[in-house]
Every structure is written in structure tokens, then in C-alpha cells.
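The structure under discussion appears below in the form of C-alpha cells.
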Amino acid sequence: MINVSELGARFIFGIKIGGLTIRISESTCWSVIICAILSVLFIWLGSGLEKVPKGKQVIAEFIVSKVYDFTETNLGKKNIYYAPYLGTLFIFIFTASSFGIFGFRPVTADLNVTAALAVITFLLIQIDSVRRNGLKGRLRDFVSPYPFMLPIKIIENITLPVTLALRLFGNIFGGMIVIDLWMHLMEFLSYKIVPVPFLRAVLVLPLNGFFDLFEPAIQTYIFTILTAVNLRNALAPVPKKIKKARKHRDRGMINPDEGANAGEGMVKQPFAEQTA
């Protein structure tokens with residue numbers, strides 16, 4: 001039987017500060033270890049660069065080029081400096097979610113970890129939106145193109161970190177539970193035949209491949225692309241007058257992809273004519 005009390009992340013040790021005890025979970029420890037390993041790995045990949053790439057430099061340049069291509073596609077050249085954040089986010093989440101392939105509990109199967117990642121993304125979007133359009137511009141965006149959009153956009157912004165955190169946590173945690181249940185079933189069936197749990201060692205491999213590699217890759221991409229899309233929308237230029245924004249919106253004058261090139265302003269001709 002599965003011990004329900006072991007479904008959550010275990011506390012490894014505690015630090016006492018006065019009368020307060022700060023407990024450190026295995027998720028925190030593994031997160032620090034993963035960050036340290038990735039830091040050393042990519043520092044090594046980025047060292048000893050030459051004009052003609054070869055060996056590890058080819059791998060490093062391939063990863064960097066893919067990250068920058070992804071950022072340019074979703075945010076535009078003007079916002080290419082977000083590439084390091086999106087690349088780091090993707091690599092960390094995928095590594096932390098795939099930890100089950102080594103027999104450990106996936107780090108993102110802890111809601112505290114996914115919530116922290118979602119909050120960081122949320123704060124980045126809100127702060128950089130204010131930096132780009134100003135506080136008045138950000139507030140004006142909440143009532144554009146119609147004032148009654150205010151409560152809808154407030155709910156949309158509040159639910160963003162919640163959905164990001166719960167989606168990633170739910171899928172990775174659910175996969176961990178499915179694998180655990182399957183392994184117990186295979187162990188039970190094995191003992192019905194021979195006193196060795198041979199089915200547990202063999203038939204769990206396809207599930208490991210799906211829930212520890214394919215599913216983490218999908219969820220990592222979803223988390224990253226949603227971050228990029230919401231960041232693009234938040235950085236898009238906000239018209240100074242709501243009526244003007246409404247007028248251009250009704251005439252189809254606003255390019256839906258202008259958020260990817262924030263700061264370039266409105267196009268001079270209808271978007272439908274540009275793509276014709």
C-alpha cells in the first residue's frame with residue numbers, strides 16, 4: 001500500500017533561529033543541487049570559446065541559438081534580452097521535472113517550487129510592464145478597450161500565477177502517483193508468479209519514459225510559452241486614449257503580433273491588407 005504521508009516532500013533538516021525553526025525540504029535541497037550542477041555545466045560549456053566552434057562549443061551555441069530564436073519569435077528583437085530568463089526557466093523546469101528518471105522525487109512535484117516559479121514570472125511581467133509603459137499605462141491597459149474589462153483583467157492577472165503553478169505541479173505530481181501505483185501493481189502480480197518482482201523492473205520503463213521525459217518536456221514548454229505570451233501582451237504599447245484604441249480595434253488597424261515588437265507603435269495600414 002502507498003503511504004499517503006510520504007506523498008509530500010520530506011523535511012531533511014531544520015535550522016533554529018531563536019525560537020523559530022526553519023525546515024528545509026528535499027525539494028529545496030535538490031533545487032540547490034540542480035542549480036549548482038547546471039551552473040558548473042554551462043560555465044564549462046561556455047569556456048574556451050573559439051572563432052571556429054568545435055566540440056562542446058557546438059552544443060553551447062546550438063542551445064543559445066535555439067533559446068534566442070524562441071525569444072525572438074515570441075517577443076520580437078526588441079525584447080531579445082529576455083532570452084536568458086526564458087532559457088534558464090526552461091532548462092531548470094525540465095531538469096527538475098525529469099528527476100524521477102533517476103529514481104528521485106521530481107522537484108516540481110512540490111507545489112511550493114512551482115508556486116515560487118509562477119510568482120517570479122508574475123512579478124517579472126508586472127514590473128517590466130510598468131517599466132515599459134509607466135504606471136498610468138499599465139493601469140490604462142486594465143480598462144482598454146472598454147472600462148468594463150477592468151474586473152476581467154484583474155482576475156486574469158491574479159489567476160495567471162495560480163494556473164501556472166497548479167498546472168505544472170498537477171501534471172508532474174500526477175505522473176509520480178501513476179508510476180508509483182503501477183509499480184505496486186506490477187510487484188503484486190509478480191509475487192503471484194514468482195517470489196521476485198520482475199514485472200516491476202521491466203514493465204515500468206515505458207511509463208518512466210512518458211512521465212519522466214515526455215510529460216516534463218511538454219509541461220516545461222507550456223510554462224515557458226505562457227510566460228512569453230503573457231510577457232509579450234504586458235509589454236505591448238498601450239494607446240493613450242481608450243476611444244482611439246477602440247477605434248483602431250474595430251477597424252482592424254492593430255496588428256495582433258505588435259506585442260512581439262513592443263514600442264514600434266501602431267501599423268499604418270490594416271493588418272488584413274499586410275497579410276493579403
Side-chain angles (χ1 to χ4, degrees), residues 6-13 15 22-46 59-60 62-64 66-67 70-71 74 82-125 160-183 204-231:
E6 295 181 355
L7 292 180
R10 297 172 300 170
F11 290 109
I12 305 299
F13 60 91
I15 302 175
I22 300 178
R23 294 183 176 181
I24 307 299
S25 68
E26 60 178 326
S27 298
T28 303
C29 293
W30 283 123
S31 295
V32 173
I33 293 173
I34 289 174
C35 289
I37 293 174
L38 290 178
S39 298
V40 172
L41 174 62
F42 283 99
I43 289 174
W44 174 72
L45 286 175
I59 300 175
F62 174 79
I63 295 174
V64 171
K66 289 299 180 182
V67 170
F70 174 85
T71 305
N74 292 280
Y82 287 103
Y85 175 72
L86 295 177
T88 302
L89 191 68
F90 187 95
I91 294 171
F92 174 80
I93 293 178
F94 178 73
T95 306
S97 301
S98 303
F99 227 44
I101 200 71
F102 303 108
F104 301 108
R105 176 191 174 87
V107 177
T108 49
D110 188 340
L111 184 58
N112 296 291
V113 175
T114 60
L117 293 170
V119 168
I120 293 173
T121 290
F122 174 77
L123 292 177
L124 174 69
I125 291 173
L160 172 62
V162 177
T163 55
L164 285 177
L166 291 180
R167 181 186 293 106
L168 180 58
F169 162 75
N171 282 278
I172 302 303
F173 183 75
M176 185 188 73
I177 296 298
V178 170
I179 291 178
D180 203 5
L181 289 173
W182 181 259
M183 290 181 69
V204 76
L205 294 179
L207 284 182
N208 280 125
F210 181 84
F211 288 109
D212 291 331
L213 290 177
F214 181 75
E215 181 69 14
I218 294 296
Q219 295 306 318
T220 300
Y221 178 79
I222 292 174
F223 194 104
T224 309
I225 194 67
L226 287 177
T227 297
V229 169
N230 283 276
L231 186 58

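Numbering starts at 1 and runs along the sequence shown. Treat the numbers as computed from the prediction; the structure is a model and nothing was measured.
- Annotation for T108 and S97: closest pair OG1-OG, 2.7 Å, computed over non-hydrogen atoms.
- Side-chain contact between D212 and F102 is absent, with no heavy atoms from C-beta onward closer than 4.5 Å.
- In terms of heavy atoms, P216 sits closest to S98 at CB-OG, 3.6 Å.
- Residue P106 comes nearest to I172 through the heavy atom pair CB-CG2, 3.6 Å, listed as atom of the first residue, atom of the second, then distance.
- Taking CG of L124 as the start and OH of Y82 as the end, the distance is 5.5 Å to the nearest 0.5 Å.
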Under the side chain to side chain contact (heavy atoms under 4.5 Å, CB included) criterion, do N112 and S25 qualify, and how do the steps go?
CA-CA 10 Å; N112 296 291; S25 68; over 6 Å; no
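- Separating the CG atom in L164 from the CG atom in N230 is a distance of 7.0 Å, to the nearest 0.5 Å.
- The two residues A60 and L45 make their nearest non-hydrogen contact at CB-O, 3.7 Å.
- You'll find the side chain of R105 reaches within 4.5 Å of the side chain of F173, heavy atoms only.
- A distance of 8.5 Å separates CG in L89 from OG1 in T220, rounded to the nearest 0.5 Å.
- In this structure, the side chain of D180 does not engage the main chain of M176 through any donor-acceptor pair within 3.5 Å.
- Between A165 and T114, the shortest heavy-atom distance links the atoms O-OG1, 3.2 Å.
- Rounded to the nearest 0.5 angstrom, I37 CD1 and T95 OG1 are separated by 9.5 Å.
- Note that the CD1 atom of I34 and the CZ atom of F92 stand 5.5 Å from one another [nearest 0.5 Å].
- Relative ring orientation between W30 and F99 is described as perpendicular, the plane-to-plane angle rising above 60° on a 0-90° scale split at 30° and 60°.
- Side-chain contact between I125 and L160: present, with at least one pair of heavy atoms (C-beta onward) separated by less than 4.5 Å.
- Between L86 and A228, the closest heavy-atom pair is CD1-CB, 4.3 Å.
- Interatomic distance, I93 CD1 to I91 CD1, rounded to the nearest 0.5 Å: 11.0 Å.
- Atom CZ of F210 has more than 12 neighbouring heavy atoms from other residues, nucleotides or ligands inside a 6.0 Å radius.
- With Y85 as the partner, the side chain to side chain donor-acceptor pair (under 3.5 Å) test is satisfied by one option alone out of T121, T227, T224: T121.
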